[in-house]
Amino acid sequence: MNLSNGFLYPLLLFIQLPFCSSISTISSAHPVADGGVLVSQGETFALGFFSPRNSRRRYVGLWYNKVSEQTVVWVANRDEPLNDTSGVLSINSAGNLIIQGNASSTPVWSTNISAPLTNNSDSVVAHLLDTGNLVLIRQSTQATVWQGFDYPTQTMMPFMKLGLDRRTGLNRIITSWRSPDDPGVGSCTCKIDPTGIPQLFMYKGSARWWRGGPWNGVRFSGIQEMRDNVYLNVTYVEDRDEIYLMDSVLNASLFLISMALDESGYAQRLTWHETDRRWVEYWSAPNDRCDNYGRCGAYGYCDPNQNSNEECKCFPGFEPKSPQDWYLRDGSQGCKRKRADSMCNNGEGFVKFERMKVPDTTVARVNMSLNLEGCEEECLRNCTCVAYTSADIRDGGRGCLMWHGNLVDTKLYTSDGQDLYIRVDSIDLAKTRKSSNGIKGTKRTLLIVTGPIVLVGLLLVIFYLCKRHPKIRGHWGKKSHRKMSLLNLATTHKDYLEEDGHDVGERNVDLPFFNLRDIKSATNNFTDKLGEGGFGEVYKGHLSNGQEIAVKRLLECSRQGVKEFKNEVLLISRLQHRNLVKVLGCCIDGEETMLIYEYMPNKSLDSFIFDHTRKALLDWKKRYEIIIGIARGILYLHEDSRLKIIHRDLKASNILLDGEMNPKISDFGTARIFERNQTQANTNRVIGTFGYMSPEYALKGLFSMKSDVFSFGVLLLEIISGKKNLTSYNDDLLSNLIKHTWDLWSEDRALEIVDFSMGNSWQELEVLRCIHVGLLCVQGNAVDRPTMSTIVFMLSNEVALPSPKQPAFVVKQTNRDPNSSSMGPTSSTCSKNEVTITMIGPR
């Protein structure tokens, strides 16, 4: 994401006087005229006049002095600009810092200190500190009488307080610019709301837009990234004098921005990357649709995990208030109770939900003298208490946080989060819960006593059945043997699995086995071939229960295919998502190795979008749904699955389509697992498909999540245009779809790439947004490309998008099919293919 075009604004039009000068202090005798700058002692920050982007109006702003991309982080006269370069920043006789133009003696802006000078012998000077804080100091007492950090604009800096001074009523809030051309006070704000239990909020106008939640002793409940912050030390203070959040820098050599809020209501934490000479995001909000405040209404919670068909779910004992809206994935009206039974001393208890962002604490109460067990008892005694959790999660939990009203804006995280205990009636308490969330309530003791008895009884029954029925015992032994066979398959080839530092971790997978006889019967002895590739061939078949299957049969001579087969077995058996192809089992018999998948009747995406006849079957609505489905599948691989997976070979032929044309990502033979804190890896064995490969992977063997992002960008442009990336344009052999799209984009003609076979089914703004996102994905530098969570959000919401930077164009020069994979040949014989690549554009 090009941050300077959305969240922070570079000084693209920096008008200065012919002779600019810098000073370290502003006094009544040493003002700063337009063209001069005030520089902090360590030369970290500079303050002076500037014009934002396309405007010629003049403002006094502050920016990092040593950052090459001049970025405004604070503005003085944001609503009172000057129209020319006659402005002067000075200190008047009352000791106020003022801005005025030559045309008028009346200041356009002033600090308005509460205790102006009355003694002619006293004076005030202005210093710019190396923290970026502009301060006014009274000379006689050396007291600070005013500071810029008390009046932040769109940016929160390290050592700046965000929050309320209860003694003076000063409320320090972040407020967006109106637009990149206008730093005036915008409609989006970020502040700490002290109502109930204080929380961090972002607003659009007066409406709540995003909630960071209450402080839980480690972080704000809704900001998971604060726990493992490697750049900043976060301080939160809440007492009778103040409520504030403040960051301090752990490494003084780093240039950091605690929060930058743009005019669309999106915030980021940023660090300056000196090598790449750009701002890099390491936190942003909102991240997904579940971050939109109150998305699932009262008593509903949002689950962003795309394994689920519905993001919004009701807590136990509740049902959707508007089932029709709920079906259409609009959960804003929330949930209502299923039963009107009393929830007061009527056998009720609590269900524990793990990994939760706790609800809005505006209607919550806190009691720090109670532990979690005492909190349960207190909540149970109070019939208006609907939920509770620990107020402080440190040391196993301390304090009691209880809700006495609607549970709003609750979210389920994939990891971390807090345990939340929801009050349920006796009926829901007694129900068996299939999820991993446990039940806790007044019948807890009964469960503890009867549980072991039931378990022992079950074991005795199993033992009896095994003794009396040899077939059952034999069946179990056979299944155990099959599982061990797959385990041995994995461990036998440990040298491959750990190649280049790749280790899939726990290898004890439990994938169903098929015997070769059944597979031959299902495929009519491999007669109905669906396709072929470097690994071997794919056949259609029918199981005895009538289910259609696709069988990937490995060629005996394909050593590369063997490695990919093992990798795919160990990966795909752990993955479940509606946009990933489902593996049903495998077959290992002598030299035969096969994977059995669900059958995809509409084959692969490339058979539609690159076919002159069939492409007309995909109108824009269906193509857009396919784009979103692919994006959600990749997001699951990168962020939401149990493993962090880089696919490495995303392309149109690896996107399969089910009977309803829903996309499913396939072929995980070349995928790699990353550690959660790992950002990239390198390899000497570049595997994938030219045309979809990112430049850093094709040329240097470096791959990361951003490599998959590049491939997705290529896919997106191909789906829109109906043309392959490696198609030449205008008789230019070194041209391709990326370059052609970029050239048209630069001339405001990007819509010319749209596939005419879609007729009039497409909407201009929606298609243009997708092209825009595609170009963001294929930017030459990996750090510029957005994450998949950001991509899904940008595709699904009408938000301001940053301008893309010029992409790198990787072109393959070979006699092979441009869409074929480098995994192997396109026939059933094994061979070796030589390729060369050329990169055009930024390196």
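The figures here come from the full heavy-atom set of this structure, side chains too, leaving out hydrogens, waters and symmetry mates. Along the sequence shown, residues are numbered consecutively beginning with 1.
- Using bins of under 30°, 30° to 60° and over 60° for the plane-to-plane angle, the ring pair Trp63/Phe50 lands in the perpendicular bin.
- Using a distance-only test at 3.5 Å, with no hydrogens or angles considered, a donor-acceptor pair links the side chain of Arg78 to the main chain of Pro183.
- Under the side-chain hydrogen bond (donor to acceptor under 3.5 Å, both in side chains) test applied with Asp416, the options Arg355, Lys357, Arg219 reduce to a single match, Arg219.
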Open item on the list: Would Phe353 and Thr410 count as a side-chain contact (heavy atoms from CB on, under 4.5 Å) here? Give the steps.
Closed with: CA-CA 11 Å; Phe353 278 76; Thr410 312; over 6 Å; no
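- In summary, Glu696 and Lys706 do not engage in a salt bridge, as defined by a charged side-chain N under 4.0 Å from a carboxylate O.
- With 3.5 Å as the limit, one finds a donor-acceptor pair spanning the side chains of Glu274 and Trp272.
- Note: Ile192 CD1 to Ile173 CD1 = 11.5 Å, rounded to the nearest 0.5 Å.
- Judged purely by atom type and a 3.5 angstrom limit, Arg769 uses its side chain to pair as donor or acceptor with the backbone of Asn797.
- Contact annotation: the side chain of Asp130 never approaches that of Phe159 to less than 4.5 Å [non-hydrogen atoms, C-beta and beyond].
- Side chain to side chain, Glu766 and Trp620 meet the donor-acceptor criterion of an N or O pair below 3.5 Å.
- Between Cys312 and Cys296, the gamma sulfurs sit within a distance below 2.5 angstrom.
- Distance alone, capped at 3.5 Å, is enough to place a donor-acceptor pair between the His772 side chain and the Pro802 backbone.
- The backbone N or O of Arg295 sits nowhere less than 3.5 Å from a side-chain atom of Asn292 that would complete a donor-acceptor pair.
- Note: Tyr64 and Phe255 have tilted aromatic rings, judged against thresholds of 30 and 60 degrees for the angle between ring planes.
- Asp181 and Ser179 form no side-chain donor-acceptor contact under 3.5 Å, judged by distance and modelled atom types alone.
- Ring pair Phe703/Phe674 is tilted by interplanar angle, where 30° to 60° counts as tilted.
- Salt bridge status for Arg178 with Asp79: present, with a side-chain N to carboxylate O gap under 4.0 Å.
- With respect to Asp409 and Arg208, no salt bridge is recorded, no charged nitrogen being found less than 4.0 Å from a carboxylate O.
- A heavy-atom distance below 4.5 Å is not found between the side chains of Leu716 and Val778.
- Between the side chains of Gln154 and Trp177, a donor-acceptor pair is found at a separation under 3.5 Å.
- Taking the ring axis of Phe49 as reference, the NZ or CZ atom of Arg58 does not stay both within 45° of it and closer than 6.0 Å to the ring centre.
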